Colleague: 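Structure in structure tokens, see below.
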Amino acid sequence: MTTGIVKGIISNLVQVEVSGPVSQNEICYINLGKEKLMAEVIKVVGNIANTQVFESTRGLKPGDTVEFTNHMLEVKLGPGMLSKNLDGLQGDLNKRKGVYLTRGEYTDPLDEDSIWKFTPLAKTGDIVSAGDWLGSVPESWVTHKIMVPFVLKDEYTVKSVVPEGEYKINDTIAVLTDKEGNDIDITMIQKWPVKIPILAYVEKPRPFKLLETGVRTMDTLNPMVEGGTGFIPGPFGAGKTVLEHSISKNADADMIIMAACGERANEVVELFVEFPELDDPRTGRKLMERTIIVCNTSNMPVAAREASVYTAMTIAEYYRNMGLKVLLLADSTSRWAQALREMSNRMEELPGPDALPMDLPAIISSFYARAGFVYLKSGATGSITFIGTVSPAGGNLKEPVTESTKKSARCFYALSQARADSKRYPAVDPIDSYSKYLEYPEVIEYLNKNVNPHWVKDVNKTKDILLRGKEAQEQINILGDDGVPLTYHDRYWKSELVDRIILQQDGFDKVDQSTPMKRQQYMLELILGICNADFVFESYEEVMPYYTQLINICKQMNYTEFQALEFNNYETELRKIVDERRAK
Amino acid sequence: METQAFQKIYTKLNQITKATCSVQATGVGYDELATVSGRLAQVVKIIGDNVTLQIFAGTEGIGTDAEVIFFGKAPTLKVSDELGGRFFNAYGEPIDGGPEIEGEEVEIGGPSVNPVRRKQPSELIATGIAGIDLNNTLVTGQKIPFFADPDQPYNEVMAMVALRAQSDKIILGGMGLSNDDYLLYKNTFENAGVIDRIVSFVNTTEDPTVERLLVPNMALTAAEYFALEKHEKVLVLLTDMTLYCDALSIVSNRMDQIPSKDSMPGSLYSDLAKLYEKAVQFPDGGSITIIAVTTLSGGDITHAIPDNTGYITEGQLFLKRDTDIGKVIVDPFRSLSRLKQLVIGKKTRADHPQVMNTAVRLYADAANAKTKLENGFDLSDYDIRVLDFAKEYADKILAVDVNISTDEMLDRTWTLFQKYFTRAEIGIKDEFMNLYWKKG
């Protein structure tokens with residue numbers, strides 16, 4: 001095994017003289033007294049390995065010894081990860097003893113003593129390869145599949161599988177035989193390097209199924225699909241975190257993985273406190289039972305912050321291979337990019353734009369590429385939908401992280417400061433935002449078949465109404481209320497109706513916080529009906545009060561149970577007022 | 001910091017810059033303290049036996065034959081109850097003529113709190129200032145800066161907030177404070193008779209720049225002692241964080257580090273986060289709340305310092321001179337407290353969220369009316385009423401010199417609502433209208 005000696009220290013960049021071969025991204029442990037500090041090789045020059053240390057390097061000296069592991073940064077995959085609060089290196093935060101995070105303390109994400117009820121899925125004689133299901137155990141409400149380890153490259157014959165029964169994660173549950181006749185013992189756990197994608201599937205087609213989030217401005221106007229990618233950029237205070245939490249609470253996914261990289265600790269505490277209490281509207285269970293939180297807050301070591309998104313993605317890929325619909329949310333990828341910048345800066349690399357590393361666009365695009373909808377060998381499907389938030393410096397959407405992400409992600413949900421200031425939440429700008437999926441023929445076909453036959457046409461019509469309303473408003477601002485034709489006021493207020501009823505949503509209201517697709521479709525049809533009507537106004541002063549009245553009734557509808565008596569009463573009232581003023 | 005027997009002394013400096021020096025030495029640990037010609041210094045880079053030190057007091061007059069003595073430990077502070085009522089410099093040495101502190105010696109800049117050991121903040125900090133208590137309520141364990149231009153009275157306001165806030169200890173970390181401002185804090189605290197619950201670590205403009213780097217960590221280490229060991233509610237005031245960041249950039253520049261945005265070091269976000277994230281609510285009642293000052297240049301919040309600060313802290317407070325009333329207010333638009341939702345309407349009166357939002361909405365309408373007026377459009381009756389409302393709202397409620405309870409703030413706002421508007425224009429839930437809208 002390769003060993004080394006510390007030669008140089010610049011903050012968390014440590015230069016190590018190595019005795020033998022060493023590889024890029026290899027993990028080593030630096031001995032500092034009794035403590036062992038985990039570090040990752042990020043650059044090798046001659047016999048000097050530059051490593052980024054996942055801990056404080058205070059007190060480290062030249063001459064301290066280093067042990068290399070011959071492994072890249074890996075995660076341990078197996079039953080028992082659900083509901084856990086993990087750090088960026090997959091350590092279980094709840095298992096750490098003290099109030100403070102003492103360095104050199106690494107905790108196991110899995111529990112060796114837990115007992116799992118194993119049911120075999122494969123049988124003796126089966127030919128299997130990486131990712132195939134050998135058996136399953138119930139993990140909370142997920143049927144956790146025990147798979148042929150992803151590191152096994154060949155085809156194998158199942159020599160034996162244990163019968164149904166109770167086992168621990170380290171017990172051998174199957175024996176495989178390779179082509180040379182060697183036996184391989186399989187347990188319930190396996191390891192995988194986080195920076196390498198898990199590709200144990202047959203095919204990754206273009207995604208085509210809608211992924212409902214319950215957020216109307218997304219589902220109706222710019223839909224996300226199962227296995228799709230999207231990002232939410234916005235200046236601080238525009239509501240990124242609230243929107244992300246709202247998606248995580250209501251999205252139609254089997255599992256949610258939240259990666260908090262470089263975020264405020266008090267925000268993470270909010271997740272820790274809220275999620276165990278919140279009911280999952282789809283299963284009636286607690287939200288935390290389908291959630292894994294990977295958190296490396298802003299003050300935790302910077303290198304582990306970089307690792308955290310990869311840790312989260314690898315866990316997501318593992319569950320996708322079980323045929324699950326996984327939603328991965330990362331907050332925020334800018335902090336991750338900043339972590340990359342910090343290290344590149346320490347290594348005195350020539351900087352790219354905004355002093356970020358030159359390969360940032362490549363790193364971002366290959367990360368987003370790990371999401372996707374896949375067909376597994378069993379015929380089952382699985383998906384990772386990835387939504388990242390971006391915190392552009394000064395709210396400038398032309399900065400490198402936003403620009404690079406824009407090229408990688410297919411959906412763009414632009415949060416606008418102006419909308420946030422005027423309390424129009426969620427503050428997603430309907431004009432600037434887009435979903436590329438709306439252009440995919442397979443998505444159009446899916447939507448028209450599953451929502452209604454003219455759905456995509458309706459959505460495009462809605463976008464036109466918003467755009468025309470914006471143009472009318474600009475004219476009114478320049479020419480004054482009475483300097484424009486009456487129709488401009490009418491156009492503007494029709495777009496306001498769409499904005500306030502379809503786009504704006506009260507994330508804190510019991511009913512309004514999440515809207516099922518059926519209801520979204522119903523409301524859009526109702527609102528479009530009003531937008532298509534011609535109304536008679538004598539002067540521009542009549543327009544605002546009239547639409548304010550319509551908006552108020554529609555808003556009450558949004559607050560009441562769908563098609564309940566109260567809801568229907570509002571609708572009757574609404575139709576009456578609309579008919580009264582409709583041009584004959 | 002005396003020389004001890006058998007301590008190795010190095011006397012051959014091979015590089016001197018304005019803030020750092022380098023020396024060939026072995027057995028030196030990262031972050032370790034040293035003295036260079038008697039001046040305190042800290043190891044910031046080691047390559048082989050070449051050790052680079054940042055010299056806190058500056059390198060003026062340091063010779064290549066200067067004596068370098070390593071201490072074998074990182075900077076520390078002696079913590080005990082004796083800290084109360086005392087003034088210290090950036091090294092934690094008394095500057096008030098009093099005796100040295102006896103206590104446990106702890107390293108400053110220690111590790112982070114495990115997020116799962118934190119408690120969700122839920123206790124309100126009242127300041128008597130409506131721009132804070134009513135519109136941007138603070139809670140214990142929060143971290144929030146004043147974003148202020150240098151000409152604004154942020155130190156006065158912060159001293160006022162500190163005095164009014166219900167806390168067991170106030171810890172002042174002054175970085176590059178003008179001597180006048182230092183005396184302002186000192187006199188304010190003395191006159192209020194609260195000097196015993198105040199601990200100050202001060203670096204004034206007369207002191208060397210690089211010393212500023214120690215101040216926030218000294219203040220926060222003292223805060224951790226009182227919050228964790230004594231279960232006290234500790235309020236930490238840090239002013240001015242922009243000057244702290246400037247000191248960071250000086251050192252990184254002298255080390256030939258590649259500058260990041262706005263000439264700040266690439267690690268600015270991590271450096272600031274390490275300090276601000278010391279704000280915490282512990283389950284046993286102890287807490288650290290941080291109120292800081294970030295001075296801006298011409299209100300520019302896109303600069304790397306306020307931008308990174310905004311992403312770490314839980315909101316920000318903007319001061320604004322309201323020319324209609326000739327007083328300073330906390331700007332209701334740009335200010336934000338991210339944690340206020342945890343207390344308003346729960347720890348305060350139930351009508352608080354609705355009253356606050358309505359008043360801010362009306363204040364926004366007044367801003368629109370003002371624009372209309374400036375553009376030469378005619379004002380409606382509503383425009384005129386809303387302008388009058390805004391003026392009185394700023395004068396009687398928002399102005400920072402008004403000191404009233406939250407209930408009184410709410411009552412005054414109701415009175416103004418009723419004076420200028422109809423019930424329908426207010427549009428607050430009927431359950432509150434029936435309670436607070438006076439009949440007749």
Side-chain angles (χ1 to χ4, degrees), chain A residues 7-11 15 56-63 85 93-94 96 98-103 235-237 262 264-270 272-273 295 297-300 302 305 332 334-335 338-339 341-342 344-346 348-351 354-355 391 393-396 421-423 480-481, chain B residues 26-32 44-49 74 107 109-121 141-142 228 256-261 265-267 269-270 273-274 276-282 301-304 307 310-315 333 336 338-339 357 361 364 377:
Chain A
K7 284 288 166 185
I9 309 145
I10 313 161
S11 192
Q15 299 178 331
S56 158
T57 53
R58 176 175 278 180
L60 197 63
K61 292 181 174 139
N85 300 323
L93 284 168
N94 289 80
R96 298 182 71 155
V99 172
Y100 290 101
L101 297 168
T102 47
R103 64 179 168 177
F236 59 77
R264 304 174 183 94
N266 276 332
E267 243 159 49
V268 179
V269 172
E270 201 178 314
F272 292 160
V273 173
C295 94
T297 59
S298 59
N299 57 331
M300 287 158 79
V302 65
R305 191 197 308 162
S332 92
S334 293
R335 305 283 86 92
Q338 277 200 341
R341 169 162 77 188
E342 216 173 305
S344 145
N345 196 280
R346 291 242 158 77
E348 296 176 7
E349 291 177 351
L350 284 179
D354 279 8
S391 328
N396 166 26
D421 283 348
S422 54
K423 313 265 179 231
D481 288 331
Chain B
T26 51
V28 176
Y30 191 75
D31 259 0
E32 188 170 311
V44 288
K45 182 176 177 179
I46 306 175
I47 301 291
D49 8 329
E107 286 190 358
S112 324
V113 173
N114 185 343
V116 300
R117 301 281 176 267
R118 286 169 173 264
K119 192 183 162 214
Q120 186 166 39
Q142 185 169 12
L228 191 62
D256 296 326
Q257 291 263 316
I258 290 164
S260 186
K261 199 170 167 274
S267 56
Y269 184 81
S270 304
K274 261 180 222 154
Y276 283 119
E277 284 289 359
K278 292 279 181 193
V280 59
Q281 175 71 59
F282 291 115
I301 57 158
T302 64
H303 185 280
D307 185 56
Y311 281 116
I312 297 164
T313 54
E314 286 135 355
F333 293 151
L336 166 76
R338 290 173 184 271
L339 302 187
N357 277 331
R361 172 170 62 82
F377 290 108

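Because the structure is predicted, anything quoted here is derived from the model rather than measured. As a basis for the values below, the full set of heavy atoms in this structure was taken, side chains included, without hydrogen atoms, waters or symmetry mates. Letters A, B, ... mirror the listed sequences (proteins, then strands); counts begin at 1.
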Colleague: For A:R305 and B:S270, test the side chains for any donor-to-acceptor distance below 3.5 angstrom and give the result as yes or no.
Modeller: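 B:S270 and A:R305 do have a side-chain donor-acceptor pair below 3.5 Å.
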Colleague: Do NZ/NE/NH1/NH2 and the carboxylate oxygens of A:R58 and B:E107 come within less than 4.0 Å?
Modeller: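 Salt bridge present between A:R58 and B:E107.
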Colleague: Test of understanding: with ring pair (Phe, Tyr, Trp, His ring centres under 6.0 Å), list the residues that count as partners of B:Y30, not counting sequence neighbours.
Modeller: none
Colleague: How long is the span from the CD atom in A:E270 to the CZ atom in B:R338, to the nearest 0.5 Å?
Modeller: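 It is 10.5 Å, given to the nearest 0.5 Å.
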Colleague: Going by atom types alone, do A:T297 and B:E277 pair a side-chain donor with an acceptor below 3.5 Å?
Modeller: no
Colleague: Is it the case that B:Q120 and A:N266 place a side-chain donor and acceptor less than 3.5 Å from each other?
Modeller: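 Distance-only check fails for B:Q120 and A:N266.
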Colleague: With a 4.5 angstrom heavy-atom cut-off, could you sort out which part of A:E348 is near chain B: side chain, backbone, both or neither?
Modeller: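 Both the backbone and the side chain of A:E348 come within 4.5 Å of chain B.
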Colleague: How long is the straight-line distance from NZ of B:K274 back to CG of A:N299, given to the nearest 0.5 Å?
Modeller: 9.0 Å
Colleague: Please report the closest heavy-atom contact between A:G262 and B:Y269, naming both atoms and the distance.
Modeller: O-OH, 2.6 Å
Colleague: Check each atom of A:S56 against the heavy atoms of chain B and say whether the ones under 4.5 Å are side chain, backbone, both or neither.
Modeller: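 A:S56 has no heavy atom closer than 4.5 Å to chain B.
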Colleague: Heavy-atom pairs under 4.5 Å with chain B - which of A:A355, A:P235, A:G63, A:A265 has more of them than the others?
Modeller: A:A265
Colleague: With a 4.5 angstrom heavy-atom cut-off, which part of A:V273 approaches chain B: side chain, backbone, both or neither?
Modeller: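 A:V273 touches chain B through side-chain heavy atoms alone.
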